[in-house]
2 protein chains.
Amino acid sequence: MKGSTVRNPSRAAELFHALADPTRLEILDELKEGECCVCELTDRLQAGQSRLSFHLKVLKDAGMIVDRREGRWMYYSVNADALAELDDLVDSLKQAKRARRATGCC
Amino acid sequence: MKGSTVRNPSRAAELFHALADPTRLEILDELKEGECCVCELTDRLQAGQSRLSFHLKVLKDAGMIVDRREGRWMYYSVNADALAELDDLVDSLKQAKRARRATGCC
DNA sequence: CTAATAGATCAATGAATCTTGATGCATAAA
DNA sequence: TTTATGCATCAAGATTCATTGATCTATTAG
């Protein structure tokens, strides 16, 4: 198991940050239907090209998506590993590893 | 089922934004072990009082945690509903509802 | 009542983000 | 080679965020 990311607040924050924007969530919502190029996203999402490019970069830097060049088009798609990582992260927010706090306060 | 939040990018972004900060993730990491007051968090997290208060407010406004007053102490704990909501959100990033895109690009 | 304590809130500063329009760089068509 | 297209990147401005120290409020102890 990887496990390292779950214990790393900065990495976790980076991943959650990538998801903390409506435009980026809409991008992911499109990409989950399959690979897609920027020009198509521009159509679907009513967003300017440089704006999309900016958000795609955030998602890519965080590892949420991967890209592939084909001729002059860039195809983006969701990175399945990142989704697994997300699952781990959300799980790690739940598990109580130690026994419930025994002492009261202060 | 609720379902509404999953389809709402702003709400989803708010929830993810609350998780997009190392300090807040550390707070949640403490709270998942059980209810905790601010003074105890201050000790454990090496963080100033107003800083903690700020982040606790962000988490509370997003619905990630709930508070309870007891005397002059405020006890915070994780909101289980929000964890379920998170699960839904992460799931919604995976499911491909339509068939894979048939057309090529542009 | 007065003093002390827990914690929220405010004000100010600096850092990070997002948006827009312009420019640059490939690749492909003519 | 010239021209057009797809997209990344840059620069500037606006907005949001995070941190710190100060102040305010509620509660409890003396």
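Here is the naming used below: chain letters follow the sequence lines, and residue numbers restart at 1 for every chain.
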Exercise for review: Could you tell me the separation between the CG atom of B:L52 and the P atom of C:dT9, rounded to a whole number of Å?
Suggested key: 14 Å
Point to revise | Letter per nucleotide, 5' to 3', of nucleotides 21-27 of chain C [B base touched, S only sugar-phosphate touched, - untouched; heavy atoms, 4.0 Å] | key: BB----S
Distances under 3.5 Å between protein N/O atoms and the N/O atoms of nucleotides 16-18 of chain C, please, pair by pair.
| unit_1 | atom_1 | unit_2 | atom_2 | d |
| --- | --- | --- | --- | --- |
| C:dC18 | OP1 | A:R24 | NH2 | 3.2 |
| C:dC18 | OP2 | A:R24 | NH1 | 3.4 |

Tell me which donor-acceptor pairs under 3.5 Å the side chains of residues 53-66 of chain A have, and how far apart each pair is, sequence neighbours excluded?
| unit_1 | atom_1 | unit_2 | atom_2 | d |
| --- | --- | --- | --- | --- |
| A:H55 | ND1 | A:R24 | NH1 | 3.0 |
| A:K57 | NZ | A:D61 | OD2 | 3.2 |
| A:K60 | NZ | A:D67 | OD2 | 3.0 |

Review point. When the distance from CE of A:M74 to C1' of C:dA28 is rounded to whole Å, what number comes out?
Key: 16 Å
Revision key, fill the gap. Here the gap from A:L25 atom CG to A:D29 atom CG, rounded to the nearest 0.5 Å, amounts to 8.5 Å
Exercise for review: Report the distance from atom CH2 of B:W73 to atom C1' of D:dA29, rounded to the nearest whole Å.
Suggested key: 11 Å
Practice item. Could you grab the distance from atom CE of B:M74 to atom SG of B:C39, nearest 0.5 Å is fine? Key: 12.0 Å
Review point. Can you check whether A:Y76 has a side-chain N or O nearer than 4.0 Å to OP1 or OP2 of D:dA8?
Key: yes
Point to revise | Separation between CZ of A:R44 and CD of A:E33, rounded to the nearest 0.5 Å | key: 8.5 Å
Practice item. Write down the distance between CG (B:L45) and P (C:dG7), rounded to a whole number of angstrom. Key: 13 Å
**Study point:** For atom NZ of B:K57 and atom P of D:dA18, their distance in whole Å
**Key:** 13 Å
Exercise for review: To the nearest 0.5 Å, tell me how far A:I27 CD1 sits from A:E30 CD.
Suggested key: 9.5 Å
Exercise for review: Measure the distance from CD1 on B:I27 to C1' on D:dA18 and round it to the nearest whole Å.
Suggested key: 12 Å
Check your understanding: Hey, is the main chain of A:A13 close enough, under 3.5 Å, to the side chain of A:R11 for a donor-acceptor pair?
Key -> no
Exercise for review: To the nearest 0.5 Å, tell me how far B:D21 CG sits from A:S10 OG.
Suggested key: 10.0 Å
Exercise for review: Could you state the atom-to-atom distance from NZ of A:K60 to P of D:dC7 in whole Å?
Suggested key: 14 Å
Check your understanding: For A:D67 and D:dG6, what is the distance between atoms CG and C1' respectively, to the nearest whole Å?
Key -> 14 Å
Study note, to complete from the structure: To the nearest 0.5 Å, atom CG of A:L15 lies from atom CD of A:E85 at 5.0 Å
**Study point:** Exercise: identify the closest heavy-atom pair between A:K32 and B:L93
**Key:** CB-O, 3.6 Å
